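So that the names make sense, note that chain A is the first sequence line, chain B the second, and so on, each numbered from 1. All values derive from a computational prediction rather than experimental measurement.
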There are 2 protein chains.
Amino acid sequence: MMEKSRKTTLSEVAVAANVSPITVSRALRSPEKVSAEARERITRAIADLGYVPDPAARALASGRTDVVGVLIPSVSNNVFSDVLHGIYDGIADSTLSVQLGTTGYSPLAEERLIRVFLSQRPSGLIVAGHEQSPAARRLLAEANCPVVQIMEIGPQPIDLAVGLSHFDGARAATAHLLDRGYRAPAFLGAQMDPRSQRRLAGFREGIRLAGRDGPDRVVTTPEPSSVSLGCRLLADLLARHPEADAVLCNNDDLALGVLFEAMRRNLPVPDRLGICGFNDLEMMAAAQPPLSSIATDRHGMGRMAVHLIRQRHGGTGPARGHALDLGFALRARESTAGRRG
Amino acid sequence: MMEKSRKTTLSEVAVAANVSPITVSRALRSPEKVSAEARERITRAIADLGYVPDPAARALASGRTDVVGVLIPSVSNNVFSDVLHGIYDGIADSTLSVQLGTTGYSPLAEERLIRVFLSQRPSGLIVAGHEQSPAARRLLAEANCPVVQIMEIGPQPIDLAVGLSHFDGARAATAHLLDRGYRAPAFLGAQMDPRSQRRLAGFREGIRLAGRDGPDRVVTTPEPSSVSLGCRLLADLLARHPEADAVLCNNDDLALGVLFEAMRRNLPVPDRLGICGFNDLEMMAAAQPPLSSIATDRHGMGRMAVHLIRQRHGGTGPARGHALDLGFALRARESTAGRRG
DNA sequence: CTGAAAGCGCTTACAG
DNA sequence: CTGAAAGCGCTTACAG
């Protein structure tokens with residue numbers, strides 16, 4: 001029947017529907033501007049011929065594409081995959097598609113990818129964090145599309161931002177540990193990216209506000225985070241600060257590792273050791289004992305980022321410079337129920 | 001200095017380098033065909049003007065793009081995010097980029113996305129699984145680019161396949177449980193996608209081969225998998241089959257939930273209950289007790305899929321119909337050390 | 001090693 | 001509501 005693989009073009013649809021190519025193009029983009037009869041013939045022709053518009057031709061002619069560029073450090077990190085999921089949900093009912101780039105936490109790779117993405121004239125750009133190189137910031141500031149920085153709300157969004165204050169989250173968690181009677185809370189961190197640094201600062205501020213001026217019980221490593229690293233970090237901590245009686249973990253994987261290591265060492269949780277994570281992954285509530293954490297809305301962040309871009313295209317939504325704070329929530333569970341005795 | 005945002009074109013580079021546009025184009029694609037002097041002037045002009053080629057124009061003129069389309073059910077699933085990570089590593093040293101689509105386990109959504117992706121004339125397509133709709137299979141079979149099916153090795157690859165036998169993996173795990181003296185192994189499954197069905201079949205085969213003809217101890221649910229679901233499934237299992245003394249879990253999240261639920265119920269692991277997962281996520285080895293699992297090379301699957309596509313473009317690599325078995329490995333840990341007494 | 005001509009498949013203004 | 005003309009920024013053959 002059909003020619004093997006020569007793809008159908010808009011002109012062929014036009015011939016079949018007995019209209020001009022421009023009318024087909026119009027029927028595709030603004031159907032209401034085309035008469036009902038023409039529209040119907042065109043719709044049928046498209047179906048009959050199996051026509052799919054060529055995005056490259058469209059992009060070249062119109063000067064824009066329907067792609068949203070997304071730049072994150074890594075996909076194999078629950079946090080970012082949740083965000084990504086939210087982004088996909090956000091575009092689901094649209095013609096937008098996602099162009100994903102991973103920077104591996106390298107500002108240089110990020111800058112290069114921004115250049116590549118911008119060359120495609122995207123509908124919008126979503127980038128993780130606020131630590132772009134100066135050149136990258138300039139590119140983004142001059143970009144011809146909405147730019148949304150996600151993960152945290154910074155002091156000075158390049159265009160728009162949606163996230164939360166990691167500093168405040170960690171401070172709240174620290175206050176919670178102190179509230180519950182833990183006397184020597186520590187901080188455990190891996191892969192100390194900017195958000196982690198902010199959490200560490202929030203932890204220290206929490207300690208300071210409580211008027212504690214003991215040692216700075218902090219163990220961090222640049223290694224990528226993992227559950228087994230949580231085990232090791234607890235071991236390190238107890239070697240250096242045997243008096244530590246609670247840990248605020250940079251993320252939930254570490255917290256899970258800490259729990260397992262505490263079990264191995266017969267350190268009762270929460271009686272002898274309090275544990276609090278960050279992000280509140282699903283597993284936290286299911287653990288035994290259930291693990292406390294700071295809940296963040298990663299899926300909502302992704303959705304909202306897309307929403308802001310779509311609003312901007314619709315001429316509505318917040319103006320340049322707006323930072324949307326999605327907040328956080330302390331989920332206090334048994335793992336921080338307090339010391340006994 | 002620079003015009004606000006009018007982008008630099010190849011022709012402008014040509015003028016600056018005092019050559020014709022075709023030569024610039026050639027310098028970009030096959031530098032060895034351009035004289036060293038011309039090449040140098042062009043390189044400098046590109047840097048000076050900050051020129052970035054327009055992928056849309058390139059695609060339209062050449063009839064192909066450098067994008068690899070990737071179709072997976074979901075990004076917020078460790079298994080697929082690991083694969084994705086492998087894919088990104090696979091393209092890292094190339095000019096390829098990834099176009100990611102998520103199907104949400106819907107064959108219809110998958111078919112629609114295949115159509116969209118194909119309309120961009122991709123360099124290759126990577127699709128998860130072998131359950132495409134007949135129409136989708138036809139589209140893929142006639143696609144003008146390499147197509148790699150990942151996750152499992154099926155009987156009849158559309159073009160190429162790379163994965164493992166989930167049936168064999170589950171059967172090996174089941175044999176292991178029986179070997180270790182467990183007398184009444186059960187299977188726990190969630191989100192019973194095709195791979196999960198294969199694992200269940202492998203479990204049943206393992207039981208059959210051992211000559212056990214007791215009850216079919218299987219609890220499954222179509223709900224998405226999670227750690228807390230693992231807790232509930234164990235509760236269900238014990239309500240129906242109190243004699244069950246080991247569980248093969250469809251995946252590691254369930255296994256972790258089972259461990260926590262066993263702890264809550266004071267069921268000693270592995271003495272009273274053996275636990276084995278599937279995939280061997282990083283946390284399994286760190287758990288207390290360490291959890292057994294079937295290790296799969298998800299990252300390698302992604303890398304290999306890209307590798308096959310690149311080989312095909314280089315004119316080498318396996319022929320159409322080839323299925324690459326990456327195998328699996330049983331990681332026997334303490335959680336399946338055997339019953340006591 | 002280099003270039004002039006034609007064209008990829010659409011959309012943008014501009015008319016009517 | 002519909003269409004003829006021009007062009008988006010490249011690359012593909014074809015010459016030389």
- Query: For the pair made of CD in A/Q120 and C1' in D/dC8, what is the distance, rounded to whole Å?
  - Reply: 16 Å
- Query: Ion pair present between B/R44 and B/E40, side-chain N to carboxylate O less than 4.0 angstrom?
  - Reply: yes
- Reckon A/A38 touches a base, only the sugar-phosphate, or nothing at all at heavy-atom distances under 4.0 Å? sugar-phosphate
- Message: Looking at B/R310 and B/D93, is any side-chain nitrogen of the basic one under 4.0 Å from a carboxylate oxygen of the acidic one?
- Response: yes
- Item | Atom-pair distance (CD on A/E40; P on D/dC1), nearest Å | 16 Å
- In whole angstrom, give the distance that lies between atom CD1 of B/I42 and atom C1' of C/dC1. 11 Å
- Query: Quick one: which of B/I87, B/V162, B/L160 gives a side chain to side chain contact (heavy atoms under 4.5 Å, CB included) with B/I126?
  - Reply: B/I87
- Query: Between B/S20 and C/dA4, does any side-chain N or O lie under 4.0 Å from OP1 or OP2?
  - Reply: no
- Dot-bracket for DNA chain D, 5' to 3', with Watson-Crick and G-U pairs under 3.5 Å, [ ] for crossing pairs and | for other-strand pairs: what is it? |||.||||||||.|||
Per-pair distances, 0.1 Å, donor-acceptor, side chain in residues 147-157 of chain B, under 3.5 Å, sequence neighbours excluded:
{"unit_1": "B/Q149", "atom_1": "OE1", "unit_2": "B/I158", "atom_2": "N", "d": "2.9"}
{"unit_1": "B/Q149", "atom_1": "NE2", "unit_2": "B/G129", "atom_2": "O", "d": "3.4"}
{"unit_1": "B/Q149", "atom_1": "NE2", "unit_2": "B/Q132", "atom_2": "OE1", "d": "3.2"}
{"unit_1": "B/E152", "atom_1": "OE1", "unit_2": "B/R198", "atom_2": "NE", "d": "3.0"}
{"unit_1": "B/E152", "atom_1": "OE1", "unit_2": "B/R198", "atom_2": "NH2", "d": "3.1"}
{"unit_1": "B/E152", "atom_1": "OE2", "unit_2": "B/R198", "atom_2": "NH2", "d": "2.6"}

- Message: Output the rounded distance in Å from CZ (A/R39) to P (D/dC1).
- Response: 9 Å
- Item | Pairing residues for A/R303 by the salt bridge (Lys or Arg N to Asp or Glu O under 4.0 Å) criterion, not counting sequence neighbours | none
- Note on the structure: The complete set of side-chain hydrogen bond (donor to acceptor under 3.5 Å, both in side chains) pairs with one or both residues in residues 18-27 of chain B, sequence neighbours excluded, reads B/S20-B/T23, B/S25-B/R29
- Message: Considering every strand and a 4.0 Å limit on heavy-atom distances, what is the contact class for A/E32: base, sugar-phosphate, or nothing?
- Response: sugar-phosphate
- Query: Charged N to carboxylate O below 4.0 Å: is that the case for B/R115 and B/E111?
  - Reply: yes
- Query: Partners of B/D159 by side chain to side chain donor-acceptor pair (under 3.5 Å), sequence neighbours excluded?
  - Reply: B/R312
- What is the per-nucleotide protein-contact pattern of nucleotides 10-16 of chain C, from the 5' end, where B denotes a base atom under 4.0 Å from a protein heavy atom, S denotes such proximity for sugar-phosphate atoms only, and - denotes neither? BSS----
